Amino acid sequence: MLSRVNAIETQELRKEYRGRAVVESLTLTVPPGEVFGFLGPNGAGKSTTVKMLLGLVHPSAGRVQVLGGSPHDPAVRERLGFLPEQFRFQTWMTAEEFLRFHGRLAGLKAAELRARIPQVLETVGLGGRGGENLGGYSKGMLQRAGLAGAILARPQLVFLDEPTSALDPIGRVEVREIIERLRGEGTAVFLNSHLLSEVEQVCDRVAFVKQGRVLRQGSMRELMGGVLPLDVRVDHLPPGLLDTLAGLGELRHTDTNTPGRTDVELWLDHEDTIPAVASAIHAAGARLYALKARRPDLETMFLDLIEDTPDSSARTARLGQGAARA
Amino acid sequence: MRNALLIAELSLREAIRKRLVSVLLLLTALFLGFYLYGIVRLEGTLDQRSLDAGLDGRSLNGASNLPVIYSAMFGMYLVYFLGSLMAVLSTVGAVSGDIENGVMQSVIARPISRAQLVLGRWLGFSAVNLGYVALLSAGLLGGVYAITGYLPPAPLAATGLILLSTLLLTALTVLGSTLFTTLANGIGVFVLYGVGFTGGILGSIGAFADTPTLTTLGRAANALMPTNALWLGASYHLQPAVALQISEASRGANPFFANAPIAAGLVVWAAVLAVLAVLAAMYRFSRRDL
Ligand SMILES: Nc1ncnc2c1ncn2[C@@H]1O[C@H](COP(=O)(O)OP(=O)(O)OP(=O)(O)O)[C@@H](O)[C@H]1O
Ligand SMILES: [Mg+2]
């Protein structure tokens, strides 16, 4: 039952707290079934954006559409899942009671819940511990319980606000698997994070925000300008090999400083060229030690973007103008 | 409505699981036991006295039974006071508490309207508070009856008015918890409660000293916060003729008991105020950022 309406659409969304813009002219589109990464430094307005998309916070201006309707419409929220940044739940409940309560609020039938609750507890790695009080849960276990709540009612769109902030490395991998499974089921995921590697591995598209503004958004490829960096290591460079490689892609960098080893960085237009590179190296008679396609590196991009963007001082001036106009 | 009932049920379970209910039951037992023991001793003394005086029995509604009559009235005043205290303390964080500890976000993200949530909280806490007051009243009046055979003239009407006061206080506290932090709310509602009591005192001094200004002030305070007026109305129903005569003779110089029934308009206003408070709480909470 995949609907074709966009999971999220916002236009010029804006939120002010005491006259200070926390989210500014945010225009986003997330198609159905997409995993969307929302990246930004602390205080960038990520959580505020998610809360506006859920109807928890009222926007100061702009338009929000979630699953084709308003988040204030309970019928829309029925199809949403949410893991809050601060995953605090009623400590006097057991995890099962917590899930039953949320399931009933979401409109699930008792019989459905009986089957579904053990299933989601298993998924988030809390199998067999659902009978314990949440008050006795560790921080990571609480976050897992919250995640179980978010996916409980088989939503079409899930908001995860830093879902791995309290998790151990295994938990992080598990969350990635859960997100991938959600994508497989056609569920859209809106992932808030500043853990770049996490976003890199699961997201179809990302947006960078800073001080309430989107600096850039697009797929990883688009953000990297559509190129695919390829690292090659061979024992030596037979004559003519470099020319052949230059014919396959853009030769960025050659390092022959270490005797018996040559590193070449090549920018390809397309993944399909990688086997051709390997064949060319074999044909030239060089021994191939490494051939690695680098995923577009979010970390570098993130740092560049965040550092290159004019900071508070410039922005305060701009805000001042805005206030003067208003 | 289904969602509101779900929240009400949650609030009830919360009260039970957080041991609120067991603590209440225990304290109720203690209070009633203590008070009723006093009455047992009082009854013994009175019986002894009437024997010594050579009488073979006291009239239940006569002057000789006044100590019992007054102990039932003061007992009910304590019920009203404890009920009010309980209504404020249990409900003070009904909404704000969940906002402050972060529980609210995941709940409100579910398909439940905020108005339903407020309604459910009010229903749930009202059930706890009303149950408590009803239990205390029944225990006290029933206990006095079992020990002495005395029952006030209209115990149901009196208890009804006290219950209405508890309901109103619960509604105002729920409203406060959508407006303020838990602490500020608790202080605020107690101040309001004090305003009601002040209204009663001003009114009774005004009547006693025949000062219209004071009476008007008292009336204004009663309109703003009718809880005390409701108690005074209840106290009227607890007094047999002999006690009312004493009240009238003192021209109402007693802020705890009234010698006239409460105006029907004020009862209606108290009920309307409770409903308005819940509606205002719904409105306010719907507009709030979480
Ligand atoms: N209720 C509020 N009142 C005033 N300011 C607020 C409120 N909520 C958020 N802000 C401000 O909005 C800005 C963005 O907050 P937000 O929580 O959205 O950041 P974030 O991107 O989620 O950060 P983090 O990575 O630390 O979670 C912050 O500067 C914060 O101070
Ligand atoms: Mg955040």
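Only a predicted model underlies this, so the values are computations on that prediction, with no experimental measurement involved.
- Side-chain atoms of A/E97 and B/R13, non-hydrogen and from C-beta on, do get closer than 4.5 Å to each other.
- Here the straight-line distance linking atom CH2 of A/W92 with atom CD1 of B/I16 works out to 9.0 Å at 0.5 Å rounding.
- Contact detail for B/L290 and A/K51: the closest heavy-atom pair is O-CD, 3.4 Å.
- One distance of note links CD1 of B/I7 with CZ of A/R104; it measures 10.0 Å at 0.5 Å rounding.
- Both the backbone and the side chain of B/E14 come within contact range of chain A, with heavy atoms under 4.5 Å apart.
- In this structure, CG in B/D289 is found 3.5 Å from NZ in A/K15, a value given to the nearest 0.5 Å.
- For A/M93, the parts sitting under 4.5 Å from any heavy atom of chain B are the backbone and the side chain alike.
- Put simply, CD on B/Q105 and CZ on A/F89 are 9.5 Å apart, with the number rounded to the nearest 0.5 Å.
- A 4.5 Å side-chain heavy-atom check between B/R17 and A/N133 finds at least one atom pair inside the cut-off.
- Looking at A/F82, the atoms closer than 4.5 Å to chain B (heavy atoms on both sides) all sit in the side chain, from C-beta outward.
- Here the CG-CZ distance, from A/L105 to B/R2, works out to 8.0 Å after rounding to the nearest 0.5 Å.
- Contacts between residues 106-131 of chain B and chain A, counted as heavy-atom pairs separated by less than 4.5 Å, involve B/S106, B/V107, B/I108, B/A109, B/R110, B/P111, B/I112, B/S113, B/R114.
- Using a 4.5 Å cut-off between heavy atoms, A/L80 touches chain B through its backbone atoms (N, CA, C, O) alone.
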